[in-house]
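Residue numbering restarts at 1 for every chain, and letters A, B, ... go by the order of the sequence lines.
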Amino acid sequence: MANMAQAIRMALHYGEEKLGVKEIFGEDVGAPLGGVFTVTQGLKNAWNSPLDERGIVGAALGLAWAGFRPVAEIQFVDYIFNTIDLLKLCGNSLWCSGGKFPAPMVIMTPTGSGIHGSIYHSHSFDSIASKIHGMKVVCPSTPLDAYGLMISAIKDDNPVLYLKPKALLRAKGAELIPGEPADEKALKEMIDAPIGDRSKWKPRWPELEEFEIPLGQAKIAKEGTDATIITHGRMAPICLDVARNLRDEGRGDVEVIDLLTLIPYDWATITRSIRKTGRVIFINEETEISNFGEHLFRRVIDEMFYELAVRPRLLCGKAVPGIGLSPVLEYASVPQKSDVETAIQELLAEPA
Amino acid sequence: MSKKASADNVKSMSDALYQKLDQKLLLKIHEIMIRARVLEERLIKMSKGGEGFFWIGGPGEEAFNVALGLQVKKGRGTDYDFLHLHYRSSAIMLAMGAQPIDTIRQMRTAVTDPYSRGRNFVNHYAIPEWNVMPIAPTIETQYSTCIGTGIAQARTGGDGITIVNGGDAGTAEGDFHSCLVWSNRPALPLPNLIIVTNNGFGISTPAREQHGEEHISDWARAFKGMPFKTINGNDPVESWFAIQEAMKYVRTQRKPYLLETLTSRLNGHSSSSGANRVNEPDCITLFEEKLLKLEITTEDHIAKTWERCRKESDADYAQVKTEPFPEGDDIWNGVFADGLNDSYPKKGGS
């Protein structure tokens, strides 16, 4: 099975071949590296840009205005902060021009913690991204979802911020991508560049097929009746693992909703699940205080207060300036599997 | 303006250069400059009279801007010129064929404002049919977005170019340097005409206090072979030929050119500083003195041109006053290209 980096790479290749993507660029995105996480390795239209995030976002917006559908990368989301006014221009281009200037473009960037990336390779950007109105925001948690979301993002007529959970980029999926060879070793030989001299290497792409995950549509990763977890990105497989263990141990049947799209989020799926279970917890890894989950939390209180069996909950990162390099500090900052287990057990145990 | 300053400026305008331009073209430039000035005076008046809000515009930049607008290869797509402009570009737009009434509509925030439907400040144009990219109040971001259309045109070939302009103060922002670096990448040089309109101020701060560069165009010296020039932007004819030369280079060589134009700023930064007339050389007065001296026009023709443009503006203004403002629900249009789903939060809270 492909890992998430390979899946995104294959989606970008599909975009080059079938969707007219002619410009894929960013720092170290082209040969020989193909991106620090190899997401753009071997792509024929991938090229290296100057080390200049503002130039990257500006170039992408200009290309979008010119009718191209560029895919640009910010190497780590930690380095996107100096582009916020340009991202805002991406998001408001259509609105400010009275509907005349759509900006079909994708900005992709690795996000979140989990690789011991210290203070400037561990940020999350979810809530800030959600404030750039007019921009769609997606974040996959499996390779197949990553593939389908990228194809949808490329086809979308809006700017899309594509958040790649960096801790999951090497994680393999449980589902084959349409067209992917069943033998993962064969896939690796086809599309992963060799170590060492790559000057003569060329990828051999599988015959990929179109697969879309509509933007704005969440996934019920696991059905359940006793409680609802609303999550996304890196926390999604952790939540799913915990929910399955609880089920297998007979301690609770928890539904796990993987948002996939943060903006516009799938409110219908969220409310349907909460209406069924009466118990909900929002789990993500970005910091508390104006956390994206806090918005959903508030809306649940506003619109579903009398349908809740117990108080809703939020489990998220600690509101501190950075994530320390020491594993002790990182684990103390970002929710870990044990934190998820404890939080869900408490949610299930509270008397209605 | 003192008599001496005026005389010195007229003298600097080479008679020989004037002889190279067709007299009909000179008169056309003159008329558009007047129309642009009358428009800006109308906008200022509306701002002061409470018939609009913030005013910002380009009185004093008409000479350079009309010369630029008339030489743009106008159209849609990469075969034509892309424009990434700042908010002092009304004369460029009028020279390209925009109607003054549409800018008055934007000033009044009428729903008929074709550039933003009453959403943006005045002089913030967005015209897809002419490749006029949306103007943003964020100074200098246009120097970043122009990279993208430059890349598009470098890929597609043809003779369409990307034109970007901005003010002198904003060149301190990183976007200006992004533009220079990306336009000069050995891997893909860009057909970008990079213009800096140097009026000597950033709002209230004199450039001479903040910029140690002798000329802003000197930044081009860092890039091997990049042509650059600093010109008197108060002279439409000098501007015409400088723009022509720069455009020819960019169109044919598919490489960038840095053009700095020195202009006046006749009404300060914006309505925030009062928008009152200041004592700086007026490019229209200087041009008229020159046209009279060369016997290309007459006092009577000049007076009648001003009168005609003012009457047109009066009629435009009267028309716009009859036009509606946007409805409140219009805020939901254009958030996303594919509209909003039913569950998008619209209440503004609980």
Side-chain angles (χ1 to χ4, degrees), chain A residues 22-23 25 30 47-50 52-68 70 82-83 85-86 88-89 91-105 133-136 156-158 215-216 263-268 270-271 295 298-299 301-303, chain B residues 76-78 82 84 111 113-120 124-129 131 133-136 138 141-153 155-156 162 173-175 177-179 181-182 185 187-188 330-331 333-338 340-345 347 349-350:
Chain A
K22 293 178 180 144
E23 308 292 343
F25 59 97
W47 49 273
N48 293 322
S49 76
D52 174 19
E53 290 83 10
R54 292 186 65 80
I56 291 167
V57 175
L61 182 55
L63 280 160
W65 283 341
F68 288 53
N82 67 334
T83 74
D85 60 335
L86 282 156
K88 196 170 173 182
L89 286 184
N92 72 25
S93 169
L94 183 74
W95 194 90
C96 288
S97 62
K100 291 189 174 176
F101 274 89
M105 56 188 278
H133 304 307
M135 178 171 271
K136 295 187 178 180
D156 202 271
D157 287 332
N158 299 282
L215 303 191
I263 300 292
Y265 54 82
D266 185 351
W267 186 238
I270 293 170
T271 53
H295 161 69
R298 190 275 298 165
R299 197 165 172 193
I301 294 287
D302 271 346
E303 299 182 22
Chain B
R76 186 172 198 162
T78 53
F82 284 97
H84 300 254
V111 72
D113 154 26
Y115 309 127
S116 71
R117 291 174 64 85
R119 294 170 181 191
N120 216 337
H124 284 63
Y125 300 90
I127 311 175
E129 296 81 7
N131 281 350
M133 306 292 104
I135 295 177
T138 50
T141 49
Q142 68 273 23
Y143 285 109
S144 285
T145 57
C146 78
I147 295 167
T149 55
I151 292 169
Q153 290 174 312
R155 300 288 195 208
T156 55
T162 285
E173 300 272 10
D175 301 79
H177 299 273
S178 293
C179 178
V181 169
W182 285 68
R185 287 173 62 228
L188 188 72
D330 196 47
I331 61 172
N333 293 322
V335 177
F336 292 122
D338 47 348
L340 298 174
N341 60 31
D342 291 341
S343 61
Y344 190 84
K347 287 195 291 186
S350 298

- Would you say the side-chain atoms of A:K100 pair up with the backbone N or O of B:P114, donor to acceptor, closer than 3.5 Å? yes
- Go through the atoms of B:T149 and report whether side chain, backbone, both or neither lie under 4.5 Å from a heavy atom of chain A. both
- Item | Proximity breakdown for B:N333 and chain A, heavy-atom pairs closer than 4.5 Å | backbone
- Nearest heavy-atom neighbours spanning B:S178 and A:G55: OG-N, 4.1 Å
- Message: Heavy-atom cut-off 4.5 Å, strictly under: side chain, backbone, both or neither for B:T156 against chain A?
- Response: side chain
- Checking heavy atoms, do the side chain of A:I301, its backbone, both or neither come under 4.5 Å from chain B? neither
- How would you list, by chain and number, every residue that makes a ring pair (Phe, Tyr, Trp, His ring centres under 6.0 Å) with B:Y143, sequence neighbours excluded? B:F176
- Task: Please look at A:D85 and chain B and tell me whether the side chain, the backbone, both or neither of the residue comes under 4.5 angstrom of a heavy atom of that chain.
- Result: side chain
- Could you tell me which portion of B:R155 (side chain, backbone, both or neither) has an atom closer than 4.5 angstrom to a non-hydrogen atom of chain A? side chain
- Locate the shortest heavy-atom distance separating B:P345 from A:R299; write the atom from each residue and the value. CD-NH1, 3.7 Å
- Against chain A, label B:V181 side chain, backbone, both or neither, depending on which of its atoms sit under 4.5 Å from a heavy atom there. side chain
- Query: So what's closer than 4.5 Å to chain A heavy atoms on B:H177: side chain, backbone, both or neither?
  - Reply: neither
- Message: Which atoms of B:L188 are under 4.5 Å from chain A, going by heavy atoms: the side chain, the backbone, both sets, or neither?
- Response: neither
